[in-house]
Amino acid sequence: MEPKVSVIIPNYNRANVIGETIDALLKQTLKPYEIIVVDDGSTDNSLLVLRDYGDHIKILQQENRGPGAARNKGVLASSGEFIQFMDSDDIPSLNKLEVQVSALQRENADLVLGPWIKGWFDDAVFEPENMVLQNGGLPSHKSVLEWFLTEWSMVFQQALVRRDQLFKVGLYDEEMKIMEDADLFVKLLLADSKIIFEQESLTLYRLGSDDKLTNKGASNERKLKDNLSFYEKLFGYSNSMDVYGDKKFQLKLFHLMKELENYGVRIEKSEVYINKAHWVLRFFSIRKRIKQGVQQRIRGHRWSHAYQVSKLSEAHKELIYQLGYKVFINE
């Protein structure tokens, strides 16, 4: 029996680009079982564009409630064994679903992560920002959770996850508008989900998308408060994880605390979690900026070792060509 992949695409005012995303999904070497687009109260002609696809996609509508609610609505309406979350402006390589389903089945894993690269689109030309991210697994001297809470991140567009695992951890927090992906990923990790990596696919992450669901209507204060909500939930999940003592974790929390003070917001019990002297954290912050500056000059990027970065290879370029894009590298 062919594996069933349900693709969930939240959409808000992306009529000009969502067709590229859907086209790439319809051309997958492993055909999606269903593509569910959840329109989050668009005010452009998104629905007209979507309806042109007829029965190739399922369209759900809701009042504007944000990305978490849109993705949850899609998951609840889905019936596939595997879930592919894809933003309405990003593009998966044509082999992504096949490669990642195979990896999950082979390793009996819950979530797989593949390579991704940020860049700009100009009609049929893709210009990469710099490096391919996650062209390898995380270094093994830290857990995935420790990496995630200190100096590494992921996007669900690069991932494929088992549907039953999402229900096990409770889906998205619909009140969060910015850090909802991070919260869901932490819940998956705390549930001992088996995370694996593959290096055969490539996800193109579009830069310059002003109407991304995660950015729409979000002031800097709202973003900071959602960050605060993420940490408060994290401490609620566990108040005694070893990673809380990591200076990189404490530095992130310290920066957030200082920024929130500008809005008159204070993190409750911050002294419990920020137990290093503030002058030590300031010194570490300065040293980190200097180190990243040196790395930028020597290696051409500031990504941490956890991202396992690499230059765009000929194999990566071929995946982009298969999507119908030319590659422009500004050197």
His305 and Trp152 aromatic centres sub-6.0 Å: no
Pair Ser193-Gln165, side-chain donor/acceptor within less than 3.5 Å: yes
Lys/Arg-Asp/Glu bridge criterion (N-O < 4.0 Å) met for Glu175, Lys233: no
Atom pair CD (Gln250) and CE (Met257), whose distance is rounded to the nearest 0.5 Å: 10.5 Å
Within 6.0 angstrom of Asn262 CG, more than 12 heavy atoms from elsewhere: yes
Sequence neighbours excluded, every pair satisfying side chain to side chain donor-acceptor pair (under 3.5 Å) that has a member inside residues 281-294: His255-Ser285, Ser285-Arg289
Ser240: partners by side chain to side chain contact (heavy atoms under 4.5 Å, CB included), with sequence neighbours left out: Ser238
Distance-only polar pair, side chains of Thr21 and Asp87, donor-acceptor under 3.5 Å: no
Shortest non-hydrogen separation from Pro32 to Gln28 and the atoms involved: CD-CB, 4.4 Å
Polar side-chain atom of Asp40 near backbone of Tyr12 as donor-acceptor pair, under 3.5 Å: no
Exam field: side chain Lys194 to backbone Leu104, donor-acceptor pair closer than 3.5 Å: no
Taking every non-hydrogen atom, the tightest pair across Ser6 and Ser79: OG-N, 3.6 Å
Val161 backbone acceptor or donor facing Asp110 side chain under 3.5 Å: no
Main-chain N/O of Glu81 paired to Arg162 side chain as donor or acceptor, under 3.5 Å: no
Donor-acceptor pair, side chain of Ser88 and main chain of Ile18, under 3.5 angstrom: no
Check: Tyr53 side chain, Gly19 main-chain N or O, donor-acceptor pair, under 3.5 Å: yes
Donor on one side chain, acceptor on other, Thr150 and Asp246, under 3.5 Å: no
Salt bridge Asp89-Arg14, side-chain N to carboxylate O under 4.0 Å: yes
From CG (Leu171) to CZ (Arg163), nearest 0.5 Å: 8.5 Å
Gln158 (side chain) donor-acceptor with Gly114 (main chain) under 3.5 angstrom: yes
Sub-4.5 Å side-chain heavy-atom contact between Phe185 and Val169: no
Beyond-backbone contact of Met131 with Arg299, side-chain heavy atoms, under 4.5 angstrom: no
Aromatic ring pairing Phe235/Phe249, orientation class (parallel under 30°, perpendicular over 60°, tilted between): perpendicular
Linked, directly or transitively: Leu145 and Leu166 (ILVMFWY side chains, under 4.5 Å): yes
Side-chain donor or acceptor of Asn135 paired with backbone N/O of Pro115 under 3.5 Å: no
Leu25 and Ile9, any side-chain heavy atoms less than 4.5 Å apart: yes
Within-4.5 Å side-chain heavy-atom neighbours: Ser42 and Asn11: yes
Distance flag, aromatic centroids of Tyr172 and Phe85, threshold under 6.0 Å: yes
Carboxylate-amine/guanidinium proximity below 4.0 Å for Asp183 and Lys187: yes
